Amino acid sequence: MSNYQLVYFPLRGRGQATRYLFVDNGIDYKEEDCGKDWVKTYKPKMPFGQPPLLKDGDFEVAQSNTIMRYLGRKHGLYPSDLQEAAKVDMITDHVEDIRGPYVRMIYPNYENGKDDYVKTLPEKLGYIENLFKKWGTEYITTKISSADYILLDLLDILLILSPTCLDALPTIKAYYDRMASRPNLKKYRETEEFKKMPVNGNGKQ
């Protein structure tokens, strides 16, 4: 029986990539909703004052990308080859370059900032398109990794924000379809629980 517990809000946000990793690999875990008494009970317990937090027995891991790397290394979802690992880290860090401005737009500036943000996507996603064409692998590397779930989650939210954002990027589009059609992920993504889960905490998407 797994001792994993994901402490997060009941929304996709920064916790969704971890859920994808767990679901796709058949790893048991439980969720703890930290939104019910966030300020008094949970925030003081967070190493950096924010979720998500992963509990692996008595060991706690904070920061969403660190959680993903930790689980990746533990479950054979992080390359041992240095160059392959560098590819995984490159995509993880580039996703953060896209996601950071997304969060800053979604929460304080959605109405006035959405159009300008969407205009940046062809260039930012184009970098990934070019790398994927060059690398020529089914996933980011020859084997699925923690970063693939991070990228899937990013593409999910971008497609909600701008449904045509992958139309001119056939390599990424094929990659996205391949990830989304993985049996465990497909089944999970078809559940009402997933469909009804808010993308962000303020209802904007």
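Being a predicted model, the structure only gives us computed values, none of them experimental. These values consider heavy atoms only, across backbone and side chains, with no hydrogens, waters or symmetry-generated copies.
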Is the side chain of [X] donor-acceptor paired with the backbone N or O of [Y] at a distance under 3.5 Å, no angle test?
| X | Y | value |
| --- | --- | --- |
| N200 | N202 | no |
| Y20 | L185 | no |
| S181 | D177 | yes |
| K173 | L166 | no |
| N184 | N25 | no |
| T120 | Y117 | yes |

- Message: Please say yes or no: joined through hydrophobic side-chain contacts below 4.5 Å, possibly via intermediate residues, are Y127 and Y176 part of one cluster?
- Response: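 Each belongs to a different hydrophobic cluster.
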Strictly below 4.0 Å, N to O, side chains only: are [X] and [Y] in salt-bridge contact?
| X | Y | result |
| --- | --- | --- |
| E84 | K143 | no |
| D93 | R69 | yes |
| E111 | K204 | yes |
| R19 | D153 | no |

- Query: Do you know which of F22, Y149, Y4, Y70 makes ring pair (Phe, Tyr, Trp, His ring centres under 6.0 Å) with H75?
  - Reply: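 It is Y4, the one option of F22, Y149, Y4, Y70 that forms the ring pair (Phe, Tyr, Trp, His ring centres under 6.0 Å) with H75.
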Straight-line distance of [X] [atom1] to [Y] [atom2], nearest 0.5 Å:
| X | Y | atom1 | atom2 | value |
| --- | --- | --- | --- | --- |
| L151 | R99 | CG | CZ | 11.0 Å |
| I140 | I150 | CD1 | CD1 | 8.0 Å |
| E129 | L131 | CD | CG | 10.0 Å |

- Give a yes/no verdict on a cation-pi contact between R12 and F194, requiring under 6.0 Å between NZ or CZ and the six-membered ring centre and an angle within 45° of the axis.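 Judged by the rule, R12 and F194 form a cation-pi pair.
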- Item | side-chain contact (heavy atoms from CB on, under 4.5 Å), paired with D156, selected from L152, L159, L154 |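 It is L152; the other options fail the test.
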